[in-house]
Structure formats: structure tokens, C-alpha cells
Amino acid sequence: MKPIVGINVDITAGPPREARVQSFYFEAVERAGGIPLLVPPMPDEDLDSVLKRLNGILLIGGLDYCPSTYGEELSDEEKRELKVEIAHEMRHDFDFRLVKRTLEETRLPILGICAGCQLLNISLGGSLIPDIVSHLPDSEVRHASPNGWNEGFNKHAVKLKPNTMVARIYKQEEVVVPTSHHQAVSRLGQGLEATAYAEDGIIEAVELSGRPFTIGVQWHPERDFAGNRLLFEEFVKECAQLVMARS
């Protein structure tokens, strides 16, 4: 039986307000052997019922989480200067409730992508670099398009830390990945380990020990399924093991 992977969604203000997700995410889950199921914002009681029926959680990319969630009280002017663009409040609220409940009340495997990686880190008490270009003005690594992090994708190399889950999955020390982000993990959340880095020192992947597959990657593996097939297949494999354990 194929595992069912819950995927959070993005919210746009409208009108009319919309819940949506780029097809790359659910197509990657399908191609790796899973059944994707979109999970929109909902009350906690309903979320608890849904989590009992899922076998894994994929956290998608998107706009920024509010800096106040990781201890940065920025003025509106500072947010504009740092190009901080906050996700819709419905998504913002639900994403944190989703991760909190998944981590505290389940053993579901988690794969966080870009903002999903950042969400995982914040939820565990970590912090973010609000804007990489402002933080590392001399960096030659292009983490996003020259026209802005939300206007296209670049590719750059990341180095995988030996003897980590991502290194075992990719079976190499360095991979070239699609990337489009202006924020990144700063202080690591409780229990997280940095397991991949860009050449400028930016953390590109994190792993949480002590529970099943829990990985966040700063890059966008769904944008290059062929180059990241092993990551999705390992994630779905871990989700499938939960299916067997429940049967």
C-alpha cells in the first residue's frame, strides 16, 4: 500500500482567497511512490484527525515567516530594507500548528523544503538570517535570481557533511542544487544538526535526531527531481514503513 504524504499549502489573499501549491511538490511525491494529499488550514481538532491518517509530512517553500517568531522584532521599514515578505496569516498560523503537532504527537517522517526547512528550525527554537545578501554582502554564492529571490532559480553547489543522513542518501560529498531563497537558518533549533553548507557558509540542510526521517533542505529538490530522486524516494520509503507498522 502506498503511503499518504500530507502537503501544506500556500494561501493568497485574493479576492477570492485561494489555497494552492505548485505541482512540482505533489508530482515529486507521486514519482517517488507516494500519494500526495493537500492539507489546508484547519482547526486543531480536525488536524489531529488528519494526522492519524497520514504517513508523512512535506513542508513546502513560500514567503517568509514573521521575524518575531524567532526573536527579531523588525520595524516595517527594516522589513522592506531586508526584503522580508510575510506569508499570509492563515498559512503562517497553521504551519506552526502543523509542525508542533507533528513533532510532539506523532512519529511521522518530515521533509521540509526551503521555507519548510526554516519552519522546522524556528519551531524547534532556532532563528533565521532575515536576508542573506544584507548579512553576507560579499558572498559570491547566488542563493536566488539576481532579480530577487522570488523571481527565479539559480543553481549552486552544497557540501554534505560526512556520516549524515543526507550524505548517505545522495552518496556523494557535493551536489549541485536548484535554489531560490533570501533567508536561511542561523541559530539551530533544539536537536537539529547542520548537515550541508554552501561555499559561503550558509546552512543548506538540517536533520533532527531521535525521531524518524526529519530533514530540512534549503534548496528546492522538487525543481530537479532527477537530481534529487534519492531524497524523495528515501522520504517516501520511510513513510511506507509507517504504513506497514500500522497494518
*Asks:* So does Glu81 have more than 12 non-hydrogen atoms from other groups sitting under 6.0 Å from CD?
*Replies:* yes
*Asks:* Tell me, please, which residues at least two apart from Gln22 pass side-chain hydrogen bond (donor to acceptor under 3.5 Å, both in side chains).
*Replies:* Arg223
*Asks:* Does Val176 sit in a hydrophobic cluster with other residues, and if so which ones, taking ILVMFWY side chains as linked at heavy-atom separations under 4.5 Å, directly or through other members?
*Replies:*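 Its cluster mates, by chain and number: none.
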*Asks:* Can you tell me how far apart CG (Leu98) and CG (Leu103) are? Round to the nearest 0.5 Å.
*Replies:* 9.0 Å
*Asks:* Working to the nearest 0.5 angstrom, can you tell me the gap between Leu108 CG and Lys52 NZ?
*Replies:*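 Here the interatomic distance stands at 12.5 Å.
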*Asks:* Got a sec, which residues hit side-chain hydrogen bond (donor to acceptor under 3.5 Å, both in side chains) with Ser139, two or more places apart in sequence or on another chain?
*Replies:*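 By the side-chain hydrogen bond (donor to acceptor under 3.5 Å, both in side chains) rule, Ser139 matches Asp200.
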*Asks:* Can you check side chain to side chain contact (heavy atoms under 4.5 Å, CB included) on Glu78 and Glu72, steps first, answer last?
*Replies:* CA-CA 11 Å; Glu78 287 172 325; Glu72 290 281 350; over 6 Å; no
*Asks:* Sequence neighbours excluded, which residues qualify as side-chain hydrogen bond (donor to acceptor under 3.5 Å, both in side chains) partners of Lys159?
*Replies:*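 Not a single residue meets the side-chain hydrogen bond (donor to acceptor under 3.5 Å, both in side chains) criterion with Lys159.
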*Asks:* About how many Å separate CG of Leu188 and CG of Leu124, when rounded to the nearest 0.5 Å?
*Replies:*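 Interatomic distance, Leu124 CG to Leu188 CG, rounded to 0.5 Å: 10.0 Å.
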*Asks:* Quick one: side-chain hydrogen bond (donor to acceptor under 3.5 Å, both in side chains) partners of Glu199, sequence neighbours excluded?
*Replies:*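 Result, side-chain hydrogen bond (donor to acceptor under 3.5 Å, both in side chains) vs Glu199: none returned.
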*Asks:* Between Ile122 and Ile110, is there a shared hydrophobic cluster once you connect ILVMFWY residues whose side-chain heavy atoms come closer than 4.5 Å?
*Replies:*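 Both belong to a single hydrophobic cluster.
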*Asks:* For the OG atom of Ser127 and the CG atom of Asn121, what is their distance to the nearest 0.5 Å?
*Replies:*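 Here the rounded value is 7.0 Å.
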*Asks:* Which of these, Leu59, Leu111, Val21, Leu54, sits in a side chain to side chain contact (heavy atoms under 4.5 Å, CB included) with Ile7?
*Replies:*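 Output: one option passes, namely Val21.
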*Asks:* Hey, any chance Ile4 and Leu242 share a hydrophobic cluster, counting ILVMFWY side chains that come within less than 4.5 Å of each other, even indirectly?
*Replies:* yes
*Asks:* Name all residues meeting the ring-ring contact (aromatic ring centres under 6.0 Å, His included) criterion together with Phe94; count only those two or more places apart in sequence or in a different chain, and write none if there are none.
*Replies:* none
*Asks:* His156: which residues meet the ring-ring contact (aromatic ring centres under 6.0 Å, His included) condition with it, sequence neighbours left out?
*Replies:* His143
*Asks:* Please identify each residue that fulfils salt bridge (charged side-chain N to carboxylate O under 4.0 Å, His left out) with Glu104, with sequence neighbours left out.
*Replies:* Lys100
*Asks:* Assess the side chains of His181 and Gln183: does a donor N or O sit below 3.5 Å from an acceptor N or O?
*Replies:* no
*Asks:* Hey, what do you get for OG1 (Thr179) to CZ (Phe153), rounding to the nearest 0.5 Å?
*Replies:*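 The distance works out to 8.0 Å.
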*Asks:* How many angstroms lie between atom CD of Glu207 and atom CG of Leu120, to the nearest 0.5 angstrom?
*Replies:*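 CG of Leu120 is found 11.0 Å from CD of Glu207.
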*Asks:* Using a 3.5 Å cut-off and no angle test, enumerate the donor-acceptor pairs between side-chain atoms of residues 27-45 and protein atoms at least two apart in sequence or in another chain.
*Replies:*
residue	atom	partner	partner atom	Å
Asp44	OD1	Arg97	NH1	2.4
Asp44	OD2	Arg101	NH1	3.4

*Asks:* Without placing hydrogens or testing angles, list every side-chain donor-acceptor pair under 3.5 Å for residues 225-238, not counting sequence neighbours.
*Replies:*
residue	atom	partner	partner atom	Å
Asn228	OD1	Tyr170	OH	2.6
Asn228	OD1	Trp219	NE1	3.2
Asn228	ND2	Asp224	O	2.9
Arg229	NH1	Glu233	OE2	3.3

*Asks:* Is there any ring-ring contact (aromatic ring centres under 6.0 Å, His included) pair reaching into residues 57-79, and which pairs are they, with sequence neighbours excluded?
*Replies:* Tyr65-His92, Tyr65-Phe96
*Asks:* Could you pull out all residues at least two apart from Glu18 that satisfy salt bridge (charged side-chain N to carboxylate O under 4.0 Å, His left out)?
*Replies:* Arg20
*Asks:* Do Val217 and Ile113 make a side-chain contact, defined as non-hydrogen atoms from C-beta onward lying under 4.5 Å apart?
*Replies:*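 SC-SC contact between Val217 and Ile113 confirmed.
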